[in-house]
Structures are given as structure tokens and as C-alpha cells.
Asker: 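Let me begin by handing over the structure; questions about it come next.
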Amino acid sequence: MAAPVQDAAAVRDRAPVRDAASASSAGPWSLRHLHLELLVSFAAAGAGRLRGQARLELRCERHGAGAELRLDAHPSLAVSRAALLPPPGGPGDAAGQALPVESRPFASYGSALHIALPQAPRAGQLLTLLIDYEAGEGPGVCWLSPEQTAGKQKPYMYTQGQAVLNRSFFPCFDTPSVKFTYSATVKVPEGFTAVMSATSWEKQKDNTFVFKMSQPIPSYLIALVVGDIVSADVGRGEGFRRAPELWELSRVWAEPCQIEAAKKEYDGVIEEFLVVGEKLFGPYVWGRYDILFMPPSFPFGGMENPCLTFVTPCLLAGDRSLVDVIIHEISHSWFGNLVTNATWGEFWLNEGFTMYAQRRISTEVYGLPYTCLEAATGRVLLRQHMDATGEDHPLNKLRVVIEPGVNPDDTYNETPYEKGYCFVSYLAHLVGNQSKFDAFLQAYVNRFKFQSITADDTLGFFLEYFPELKEKGVDSIPGFEFDRWLNTPGWPPYLPDLSPGQQLMRPADELAELWAADGLNMEAIEAVDITGWRTYQLVYFLDQILQKSPLPEGNVKRLSKMYPKISKAQNAELRLRWCQIVLKNNLEAEYSKVKDFLHSQGKQKYTLPVYRAMWGGSEATRALAMETFSATAPQLHVNVQNYVKKILGLGEAEA
Ligand code: BES
Ligand code: ZN
């Protein structure tokens, strides 16, 4: 296991940035370590409890902290006792001195836990707080009934922290501006296994699992799963061996009925991505890299929990075609997990740099044409998003102003990803040389690793690293000012050149033209053989069809018949587009596919566009939306449920 490589002094010297989404008084404190002692129990279908204790090891960094400490928490988190432990080795009750504690309202997504300290701490003073609590009904802790799992035999629980949900899992400074190491002891019922986003995992007697994360991370990256899950090694790709003492073999985790498929999907490919990532961005500091296949209702394609990425089972496409999600989550090992956005308003620092890193790795492994094709599908998503919201929407800035009371999760959209990618590509374009820019990225990670930063830090470092560009005033070129990129909504002023992908995109563009014509030229259509097309070529083709829809009467029906590879696809990216096309063209005969798709999975980025399309369609599609939602709502993540309710005008329930 690699030793921690953090620059502790640098982390400590940085005063946390003010985060409007945190009720906590993190500012003067550093959290040196969090320990969770948890007992997990499943109750009736879809419910359960976590009972236990959080131990926070705090250091007061600055004078003037006051005699009150505030932590982020949630109304669903029941705190029974807070106590101050005596200093190690000193006299005092081992159970600690009980402290007055009170939960007060903060926002729709959390509350503030006020803890009264015996006196205001001195700078440099160490405090250990114990908090006994119970959790379970909050949005960060999801309890699934057996029917909601792949195997349908046993219940399942998982946590999802990003962005502000972990305050319903444990009390803490729930802000990405604060990093700390953690450990946990988790006792689970017989027949279940617990895994966490931790460097080490150990099963002890009595079904108790012990975890330790030895690198400092923000609260949102702590994650726990308890279920009937097993693991399998996914070996090393030939030719990509690293020194074994630095790196353990990757594993996949899944329910027993999916473990074969999981192993098959990614056997021998993970290490290559890690090796290329290290070559480009510097050491992979997290020790292991494992992947956990979640139940179908998991709301994201992937979640970069350190050491253990969580992914949707939709990735089990059988042909590795959705591996870009894995490359994306691996890229967060440097951008996001090592260099972290200090607030959710700077989320593009996590996602924009990660999209760039993902496409750098993809270029090295799969080549430029394929990567440009994938990036073109990303650009379509940005176009669709900006068309839907209007380019001038305030969320279409890279730096989002998140006002007090606004749930950061409600600001989630494509802009930080794809406009962020364009901005990072623009920085690379200014440098004008890929290997110089790669070297900059590596220096950037090295400079800010284990820290939480803002775009000012990033751009300041960029100009410092390239003094000749600073001299030239590249930050204020009219139309491309850094300030405009950050603070003005709108379509990216610079788009990277995706023309190397043309060889893959052109045939798809041309075929889409043919299908959009009045009076189909079947001879020309039949002359195009799509049997050898990659999934992303088909995705790109379908995006073009969707954009041209509704097509002339009868065309989509014929298209469906002609390409069962598309209309009967099991691949989720293809199914999403097909559903959108079916709805836009009122192809009633295939509405059942829309329903089936929504029943089969609960990923937010699939679910919401399909409901939007249904709600924006006919009376029949609206009825379909209502019927499907009432049948599937209990399976959806509570956030996704609320977003669908909003689309369907059902009024947003409080999260
Ligand atoms: N960190 C995100 C997922 C996320 C974002 C969860 C915000 C909660 C709040 C993850 O890395 C991500 O971006 N996933 C994408 C993958 C895609 C861009 C390849 C997804 O889920 O679709
Ligand atoms: Zn991401």
C-alpha cells in the first residue's frame, strides 16, 4: 500500500472556503479523522436503521472559534447524545462529558447540529467528540427491498453522498472544502457483506467489517453498501503490469447473479486505464481500484467513491461499449478526489477536468477518432440542455452562484461537464502543445492534491505555470476572457476540433439525412451497412434522427423494422435514444418499450429526459408517464422521484 503522500501543512494552512450549502462552522476547525461505529439492521421491505456512533477528532486551527460547534445533519438523523472525550492519557470519564446538543432547521436538504462546548477552544487545541445517533430514513441512505435488487432474494442498502446527502448518513462538516481520513466498523446481519470507499477492508468475527481510508477525502466520498454481494478479480491486462507492491489487483463486486457478467465485462481492462492515467496525471494514490455494480435503481451511471467506484448495472452491456463511464470515474481519482472543488458552485472543476482527463485516456487507449465521436455525443447533450433551458440560464455559467437555501443537487446539468470540457480544451489550445498541457495537468494535480480549491486557484496556477501566456494576457482575449468563461452563461465561446471523428460521424450523418427525407430512398439506405458500427456511432446516428424528428409519417416505423439492432437494443444508451425517438414521433406501437426501459433502471440521466419527452408529447404519452411513474416511483432514488414529480406537475415533495 502506498504511503499517504499528502502535503499536510498545505492542507492545514488553507482556510476552508465559505460554502453556502453547509450549515457547519467548519471554518476554524480541521477534522483530523472521523470514525464511524455502525450497526446495520434491515426492517420491513425498503426500510432499515443505522445505529451507532460518530467520533470526530478535531483540531482548532484559529483563535475565535467560539464555544459552539455546528455540524451538518438532517432531520432524519436522531442524535441521542453528544460528548467530549477527555484528552488521551488524562483523567476523566471514558464515556466523555455530555454536551448540550440541539438540532435546528437549516435548509430543505439538511439541518444544523449545534453542540455547546464547555469553553471556547484555544488555537491548536485537540478535541474528540462522540455523537451517538441513528439514521436511516434520510435521502443519503437508500434501503431496497429484495424485489428492487437484481437477485430479488435479500434486501440491500447503499449510501450516496454527493452532493449534500451524507449529512443524513453521519453528522459532519458536509462540505467539499474539508478533507479528513476516516475509518469505520460496521456490523451487518448474517448473510450480508459490507463494503466502503476505503483503502482497506477486513472481515472480522460476528459479521463485522472494518474499514480504513488512509488519505484525506471530503465527506461526500464516504460510501457504504450492505447487501448480498460477492467479488471477483479482474486481472491485469497483458503488458500493463505495475509493480505489485504499489498496486493490488482490481476487483468487481456485484450480487451473485451478476458477478459472472461483471467479471466478463471488465476482465483485464481496468489496469490499462490506471496505467495510462498515471502516465498522464501522476501517481494513483488510492491503492486499490474496485468497481461495484449497483442495483438497477442506482441514480447515476457511475459514482467515483475512492477505491470503489459505484456503477449502474446498465454498464453490463456485454461488449464493453459503455466503458467510457469507467474511464470517467477513474479520471476522478485525480480530478475531484485528489483535487476537489471547494464548493458545489465550482463543480465544473471536478467534472470539466474529469471529462478532459477521460478523453485524454480514451485517446491514448482507443485513438482520436473514436474519442472525438464520443465527445460529439457529449456536445449533443450540451446542445439539448441549453436548448431546453435557454443559453442564458444562470446555470449555464461554469461558476454557479448557489444561494443559501438552494439545494446544490438541483443545479446538476450538462454545463459543468461539457462546457467545462470546452474550457479545459481551450486552455490546452492556448498552450498549443499536448504534451506541455499534459505536463501542466500533472503539475496541477501535484500542486493541489488533497486540497479543495476554486477556479481562481486553477487559473492562477495556469498563468503562473505558463508565464509567457500570462504576459500575453490570454486571460483577457476579447470574447474568450476567463471571467466570461466562468461567469457568463451561454454556449462555449471555443469548441475543440472534433473533426478527427468525422470518419465515424459522416456515415451516420449521411444515413440520418436519408431517413429524414420525404419519400425514402431505400436503395441508398440499404446500401449502408450498419452491422459493424460501434455503439457510439449508433448513438450519434440516433441523436441526429432525434434532432430531425418528427420524421415524415411512416419513416420511423420503417427504420425500426430495418434495424432491430437499434429498436430492440438492450444497450441502455441506445434504448434511451430509441425511447426519445419513439415519443417524439408518436410511434404508439412501441410505447411499451418506453415503459419497459423506465421499469428496468432508475438512472437520473435516462429517467428525466424520457419523462420530459412524455410530458411534452400527446395526451397518450402523458397518461403513459403517469401510469409508469405510479408503478416505478418506489424504486427510484428519492431525488429522482422528486425531479420526476416536478416534471409531471405533481408538486415537489420535501426531500
Ligand atoms: N460524480 C458524478 C456523479 C454525481 C454528480 C453524483 C453529482 C451526484 C451529484 C459522476 O462522476 C458522473 O459524472 N457520472 C456520470 C458519468 C458520465 C459523465 C460518463 C453519470 O452518472 O452519468
Ligand atoms: Zn464525474
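This chain uses plain numbering: 1 for the first residue, then up along the sequence. Worth knowing before you read on, the calculation uses all heavy atoms, side chains too, and leaves out hydrogens, waters and symmetry mates. Ligands are counted one by one from 1 in listed order, and the atoms in each one are counted from 1 as well.
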Asker: Do F437 and Y444 have ring centres separated by under 6.0 Å?
Answerer: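 They do not qualify: ring centres at least 6.0 Å apart.
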Asker: Is the distance between the ring centroids of F448 and F461 less than 6.0 Å?
Answerer: yes
Asker: So does K279 pair up with E272, basic N to acidic O under 4.0 Å?
Answerer: no
Asker: Does the ring centre of Y536 sit less than 6.0 Å away from the ring centre of Y540?
Answerer: no
Asker: Which protein N or O atoms sit under 3.5 Å from any N or O of ligand 1? Give atom names and distances.
Answerer:
residue  : atom   : partner : partner atom : Å
ligand 1 : 1 (N)  : Q162    : OE1          : 2.8
ligand 1 : 1 (N)  : E304    : OE1          : 2.6
ligand 1 : 1 (N)  : E304    : OE2          : 3.1
ligand 1 : 1 (N)  : E351    : OE2          : 3.2
ligand 1 : 11 (O) : E304    : OE1          : 2.9
ligand 1 : 11 (O) : H328    : NE2          : 3.2
ligand 1 : 11 (O) : E329    : OE1          : 2.8
ligand 1 : 11 (O) : E329    : OE2          : 3.3
ligand 1 : 11 (O) : H332    : NE2          : 2.9
ligand 1 : 13 (O) : H328    : NE2          : 3.1
ligand 1 : 13 (O) : E351    : OE1          : 3.4
ligand 1 : 13 (O) : Y417    : OH           : 2.6
ligand 1 : 14 (N) : G302    : O            : 3.2
ligand 1 : 14 (N) : E329    : OE2          : 3.3
ligand 1 : 21 (O) : G301    : N            : 2.6
ligand 1 : 21 (O) : G302    : N            : 3.3
ligand 1 : 22 (O) : K605    : NZ           : 3.3

Asker: Hydrogens and angles aside, do D174 and N166 bring a side-chain donor and acceptor to less than 3.5 Å of each other?
Answerer: no
Asker: What about F335 and F281, are their ring centers closer than 6.0 Å?
Answerer: yes
Asker: For the rings on W253 and W201, is their centre-to-centre separation under 6.0 Å?
Answerer: yes
Asker: Going by ring pair (Phe, Tyr, Trp, His ring centres under 6.0 Å), name the residues that satisfy it together with H328, two or more places apart in sequence or in a different chain.
Answerer: H332
Asker: Considering only distance and modelled atom types, tabulate donor-acceptor pairs under 3.5 Å from the side chains of residues 596-604, sequence neighbours left out.
Answerer:
residue : atom : partner : partner atom : Å
S600    : OG   : F597    : O            : 2.8
Q601    : OE1  : K603    : N            : 2.7
Q601    : NE2  : F597    : O            : 3.4

Asker: At a cut-off of 2.8 Å, what protein N/O/S atoms sit near the Zn ion (ligand 2)?
Answerer: H328 NE2, H332 NE2, E351 OE1, E351 OE2
